[in-house]
K.L.:
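Can you keep this structure in mind? I'll have questions shortly.
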Amino acid sequence: MVKQVYTFGGGVKHSDPRSRDKVICGGKGANLAEMAGIGLPVPPGFTITTEECVKYLAEGAEFSDQLRADVAEALTHIEKTVGKSFGDASDPLLVSVRSGARVSMPGMMDTVLNLGLNDETVQGLVSASGDERFAWDSYRRFIQMYSDVVLGVEHHLFEEALEIAKEDNGYVNDVELSASDWQKIVKEYKAIVEKELDKPFPQDVQEQLWGAIRAVFDSWDSDRAKVYRRLNDIPGGWGTAVNVQAMVFGNMGDTSATGVAFTRDPATGEKAYYGEWLVNAQGEDVVAGIRTPQYLTKAARERAGAKPLSMEEAMPEAYQQLADVFELLEKHYKDMQDIEFTVERGKLWMLQTRSGKRTAKAALKMAVDMVAEGLIDEKTAILRVDPMALDQLLHPTLDPNAARDVLGKGLPASPGAASGAIVLDADTAEKRAEMGEAVILVRVETSPEDIHGMHAAKGILTARGGMTSHAAVVARGMGRCCVSGASGVSIDMKSRTLRIGNRELKEGDVITLDGSTGDIMAGEVPTVEPELAGDFAELMIWADKHRRMKVRTNAETPADCKMARQFGAEGIGLCRTEHMFFDASRISAVRQMILAEDEAGRRAALEKLLPEQRDDFAQIFMVMAGLPVTIRLLDPPLHEFLPQGDAEFAELSETIGIGVDTLKRRADELHEMNPMLGHRGCRLGITFPEIYEMQARAIFEAACEVAERLGDAPVPEVMIPLVATKRELAILRKLVDDTAAKVLAEKGRSLDYMVGTMIELPRAALMAGEIAEEAKFFSFGTNDLTQTTLGVSRDDAARFLSPYVEKGIYARDPFVSLDIEGVGQLVQLGADRGRATRADLKLGICGEHGGDPASIAFCEKVGLDYVSASPFRVPIARLAAAQAALAG
Ligand code: ADP
Ligand code: MG
Ligand code: MG
């Protein structure tokens, strides 16, 4: 028979590894056993395993005879160690009953303290402690907690009774109540229970104990716990452990206290004890806000200019015991610990320890410091920092000390913060931004025509759309802060005003967005810029040493490229040329090209675009100085560039001298039922080769020009999008090669370059073996590959994807984290088949997934050569790639 009840404390040897295993004994139980095992002062107790909980729930909520026997024996262990008996009328043992799952779970049952008190034993507690007030205070706490947590009597009934008693006596604080006051309250509490439940408060201590154990087990399937599990991906099959532990009392007068502490500052990472404590208090009093807690150290108290003495000053001996424990715990666990302690009449007791939650800044500082201290090695430091947490540090953030006038709230769609004047359309955004004004683009929702305005804006606010809406995805890619789905925002385009909550605003008014919380604020709130320096930079250097995959960036403006290089990008994995076409100065040439009736008309327009496009590429090559740059030829359906509305048609007609009616007819002809699957990607190159030819010429002319200037030749990688067949790529590769040959002959130079393709259609992945005959590299375009494999349009997914994730149909949003089971198979297959044809085929990923740690871990397994992420995600990708390499 496998043991299901484990004792700890009182010199128990923890020879059975199950007793220190979080999976078996829960986090709390395992750490209590571990602390007791290294000789720390832990009140004795026992843990009933999570396995027993799972069995109890499966077997119709029955306790087995074996369990009853084991618990009785374990209780004897506590009694012997403490020298008191459970239920003894002269000197009773009291216990706490605490839940504890594998991971800490706020959804679970609250702890019951002081269990074992009744009308008889309370008298014993009075005489044994010599403190009548303490005994009656403990009894009323017990009745209140047990009735609330185990018996389901609403706690406000007790709180009201206490409030009335305080008012009647003219008291303000609980500490003012005397022994006889508490005694009276106990009577009232018992009456409340009897009235609510039609039976008296249980006086039998065994009934109390088993009632509490049952409540812990049952709490695993409570609604609260279920919600928490769903939100945090915790499987229902884990179960919770129960910890029963001898009470120690922080409420035994002025030499007693209770507190919580961290071995280092969880906000800054500074190596300084950090915590709060209260004299003469019990359990959650510190966090419950009944009284204002005091500082732990003298330094912290002085810094805050607070009066009440710190623990270091008020209880120097107990404080020293605590400081010694801090040192021991960090050496043992090799990590910052979050602990609970109680001082009973001058003696320190440890009640909990766990690895402490921390901010990104603190995580970096602690990891780097601990390496310097020799506590951990570089690899452990790399593995210890959550890559996603770095996001907090990679965007401008609002000055935490600044005041906020919050107007409303939306979804925190893209982190960072921005202030600027409200603008209600993309063109206005661009115009005002060109004049040097900071603007916030506010739309009902955004579409591809708004890209230029989104780029020009400091931040984006939409009234509709979810976390994967167009606005959210594009904003994250650009590193713009974005608040989406702010349903309290209504826009009136006629009067160019808007309403947020109950406040009227107009275009030009300044607002501030916080993309990390979704807050929309009035006026300008000062921000602080991100930088990669200090501990952050140090950890990145270590990560670079240990990773195998390269990290590139998705960028198309020189500014973004510069930013990405500062963040450590080793090349460009995706430069989307269409964004350059939306620019105000060229859009009419682009429209002229699209609306031209024939090739000659198109060529005339392309002539105008060539120097502009050459200049785009030259600027990027200059910034990337010799690093590889993957340029994707034109990809989106042409109609995305079309004029919108009569005014734009009229303006275009004037500029290019073609009648409005003709233009409108051409525009109608370009209308598509389903543009995502329509005339786009390489299909444009096949039907209008002159477009790709112009782009290829621009790339090679720019490369020659920059090679001349820098002496260091760029390495262009020309990427053909949306290929499904080998023949498509063969035709377009020849077009690019011929153009390259022409340009290089004209310039009299040679140049290394590659032609490759995106693998973003299922057919391309399946046919990768054949396609690799025409491609020197593959880049997995997992955005489109996810859309086409799942048959889900990303722009429309917001409507149904969250319920899908809630119901567990997809574990996570497949546009955020790669669907490894499904889409992942196509990536694996494409990589394998491609490499079977061409052993040195270069493989990368350029979808949004290239910046997602779980997807990056998958890319490492597949053996890709690089991942490509948006500039702000480059450090995240560097760290995630290192972790993936270390884990593999
Ligand atoms: P949570 O998981 O919500 O923190 P805990 O089981 O840790 O719940 O307990 C709640 C509070 O009661 C904590 O402050 C803890 O230190 C205190 N506590 C738990 N058991 C005892 C005990 N045996 N003696 C004194 N205080 C206790
Ligand atoms: Mg706790
Ligand atoms: Mg695509």
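FYI, side chains are in, hydrogens and waters are out, and symmetry mates aren't considered; it's all heavy atoms of this structure. Fair warning: this is a prediction, and the values are worked out from it, not measured in the lab.
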K.L.:
Taking the side chain as every heavy atom from C-beta outward, state whether Ile460 and Cys481 have any pair of such atoms under 4.5 Å apart.
P.N.:
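No - every pair of side-chain heavy atoms lies 4.5 Å or more apart.
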K.L.:
Under a 3.5 Å distance rule, please check whether Glu728 uses its side chain to pair with a backbone N or O of Thr725 as donor and acceptor.
P.N.:
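Checking the backbone N and O of Thr725 against the side chain of Glu728, a donor-acceptor pair under 3.5 Å is found.
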K.L.:
Would you find a donor on one side and an acceptor on the other, under 3.5 Å apart, between the side chain of Arg833 and the backbone of Ala768?
P.N.:
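Between the backbone of Ala768 and the side chain of Arg833 there is no qualifying donor-acceptor contact (under 3.5 Å).
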K.L.:
Quick one: are Cys682 and Leu729 in side-chain contact, heavy atoms under 4.5 Å?
P.N.:
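Heavy-atom side-chain distance check fails, nothing below 4.5 Å.
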K.L.:
Using a strict 4.0 Å threshold on nitrogen-to-oxygen distance, state whether Glu746 and Arg697 make a salt bridge.
P.N.:
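The answer is yes: the pair qualifies as a salt bridge.
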K.L.:
Output the distance between atom CD (Gln828) and atom SG (Cys859), rounded to the nearest 0.5 Å.
P.N.:
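These two atoms lie 10.5 Å from each other.
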K.L.:
Can you check salt bridge (Lys or Arg N to Asp or Glu O under 4.0 Å) on Glu774 and Arg727, steps first, answer last?
P.N.:
CA-CA 9 Å; Glu774 294 293 333; Arg727 184 85 189 119; over 6 Å; no
K.L.:
With the threshold set at 4.0 Å, does a side-chain nitrogen-carboxylate oxygen contact exist between Glu705 and Lys747?
P.N.:
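Judged by the 4.0 Å cut-off on N to carboxylate O distance, Glu705 and Lys747 do not form a salt bridge.
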K.L.:
Between Arg680 and Glu672 (salt bridge meaning N to carboxylate O under 4.0 Å), is one present in this structure?
P.N.:
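Judged by the 4.0 Å cut-off on N to carboxylate O distance, Arg680 and Glu672 do not form a salt bridge.
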K.L.:
Which residue, Leu633, Thr577, Val629, Val743, forms the side-chain contact (heavy atoms from CB on, under 4.5 Å) with Ile699?
P.N.:
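Among the candidates, only Leu633 passes.
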K.L.:
Is a donor on one side and an acceptor on the other found under 3.5 Å between the side chain of Arg586 and the backbone of Met580?
P.N.:
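Yes; judged by distance alone, with no hydrogens or angles, the pair exists.
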K.L.:
So, does Ser414 use its side chain to make a donor-acceptor pair with the main chain of Arg480 at under 3.5 Å?
P.N.:
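Side chain of Ser414 to backbone of Arg480: a pair is present.
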K.L.:
Applying salt bridge (Lys or Arg N to Asp or Glu O under 4.0 Å), run through Arg603 and Glu693 and close with a yes or a no.
P.N.:
CA-CA 10 Å; Arg603 283 201 183 271; Glu693 191 189 315; 3.3 Å; yes
K.L.:
Between Lys550 and Asp865, is the closest basic N to carboxylate O distance under 4.0 Å?
P.N.:
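No, Asp865 and Lys550 are not salt-bridged.
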K.L.:
Over 60° means perpendicular and under 30° means parallel, so tell me whether His452 and Phe582 are parallel, tilted or perpendicular.
P.N.:
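Because their plane-to-plane angle is under 30°, the rings of His452 and Phe582 count as parallel.
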K.L.:
Taking the side chain as every heavy atom from C-beta outward, state whether Glu556 and Cys575 have any pair of such atoms under 4.5 Å apart.
P.N.:
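Yes; the side chains approach each other to less than 4.5 Å.
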K.L.:
Examine the side chains of Gln619 and Asp615 and answer whether a donor and an acceptor come within less than 3.5 Å of each other.
P.N.:
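A pair is found: one side chain offers a donor N or O, the other an acceptor, under 3.5 Å apart.
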K.L.:
Using 0.5 Å steps for rounding, measure from the CZ atom of Arg576 to the CG atom of Leu634.
P.N.:
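One gets 13.0 Å once the value is rounded to the nearest 0.5 Å.
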K.L.:
Grab the two heavy atoms, one from Cys846 and one from Gly573, that are nearest each other, plus how far apart they are.
P.N.:
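For Cys846 and Gly573, the tightest heavy-atom pair comes out as CB-O, 4.0 Å.
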K.L.:
A side-chain contact here means heavy atoms from C-beta on lying under 4.5 Å apart; do Arg873 and Phe567 qualify?
P.N.:
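Heavy-atom side-chain distance check fails, nothing below 4.5 Å.
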K.L.:
For the NZ atom on Lys776, are there more than 12 heavy atoms of other groups (residues, nucleotides or ligands in this structure) within a distance under 6.0 Å?
P.N.:
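Open: at most 12 neighbouring heavy atoms sit under 6.0 Å from NZ of Lys776.
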K.L.:
Determine whether more than 12 heavy atoms belonging to other residues, nucleotides or ligands lie under 6.0 Å from atom CG of Asp796.
P.N.:
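Yes - once you tally the heavy atoms of other residues, nucleotides and ligands closer than 6.0 Å, there are more than 12.
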K.L.:
How long is the gap from CE on Met435 to CD on Glu430, to the nearest 0.5 Å?
P.N.:
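Interatomic distance, Met435 CE to Glu430 CD, rounded to 0.5 Å: 13.0 Å.
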K.L.:
Determine yes or no for a side-chain-to-main-chain donor-acceptor pair under 3.5 angstrom, with Arg548 supplying the side chain and Leu864 the backbone.
P.N.:
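Side chain of Arg548 to backbone of Leu864: a pair is present.
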K.L.:
For Arg547, is there an ion pair with Asp544 - N to carboxylate O distance below 4.0 angstrom?
P.N.:
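Between Arg547 and Asp544 there is a salt bridge, with a charged N closer than 4.0 Å to a carboxylate O.
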K.L.:
Distance from Leu393 atom CG to Leu532 atom CG, nearest 0.5 Å?
P.N.:
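One finds 9.0 Å between CG of Leu393 and CG of Leu532.
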K.L.:
Under a 4.5 Å cut-off applied to non-hydrogen side-chain atoms, are Pro675 and His639 in contact?
P.N.:
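Of all side-chain heavy-atom pairs linking His639 with Pro675, at least one is under 4.5 Å.
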K.L.:
Using a strict threshold of under 4.0 Å (side-chain N to carboxylate O), is an ion pair present between Arg749 and Glu708?
P.N.:
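Yes.
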K.L.:
Under 3.5 Å, is there a donor on one side chain and an acceptor on the other for Thr630 and Arg552?
P.N.:
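Distance-only check passes for Thr630 and Arg552.
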K.L.:
Without swapping roles, check the side chain of Asp391 against the backbone of Met388 for a donor-acceptor pair under 3.5 Å.
P.N.:
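It does not hold such a pair.
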K.L.:
Quick one, Ile587 and Glu648 - any side-chain contact, counting heavy atoms below 4.5 Å?
P.N.:
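No, side chains not in contact.
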K.L.:
Is Glu434 salt-bridged to Lys431, cutoff N-O under 4.0 Å?
P.N.:
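Lys431 and Glu434: not salt-bridged.
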K.L.:
When you measure from the side chain of Arg443 to the backbone N and O of Ala426, does any donor-acceptor pair fall under 3.5 Å?
P.N.:
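Answer holds: no.
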K.L.:
Thinking salt bridges, do Asp738 and Lys742 make one under a 4.0 Å N-O criterion?
P.N.:
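The answer is no: the pair does not qualify as a salt bridge.
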K.L.:
Tell me if a side-chain donor or acceptor on Arg591 pairs with a main-chain N or O of Phe641 at a distance below 3.5 Å.
P.N.:
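Side chain of Arg591 to backbone of Phe641: a pair is present.
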K.L.:
Evaluate the side-chain proximity of Leu539 to Val385: yes if any heavy-atom separation is below 4.5 Å, no if none is.
P.N.:
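When only atoms from C-beta onward are counted, Leu539 and Val385 do touch, with a gap below 4.5 Å.
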K.L.:
Is there a side-chain contact between His849 and Leu785 (heavy atoms, below 4.5 Å)?
P.N.:
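The answer is no, as the side chains (C-beta and beyond) never meet within the 4.5 Å cut-off.
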K.L.:
For the backbone of Met758 and the side chain of Ser779, can you confirm whether one donor and one acceptor N or O come within less than 3.5 Å of each other?
P.N.:
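Between the backbone of Met758 and the side chain of Ser779 there is no qualifying donor-acceptor contact (under 3.5 Å).
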K.L.:
For Asp450 and Gly453, indicate whether the former's side chain and the latter's backbone hold a donor-acceptor pair under 3.5 Å.
P.N.:
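Not a single qualifying donor-acceptor pair exists.
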K.L.:
On the 0 to 90° scale, with breaks at 30° and 60°, tag the Phe778-Phe780 ring pair as parallel, tilted or perpendicular.
P.N.:
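Rings of Phe778 and Phe780: perpendicular, over 60°.
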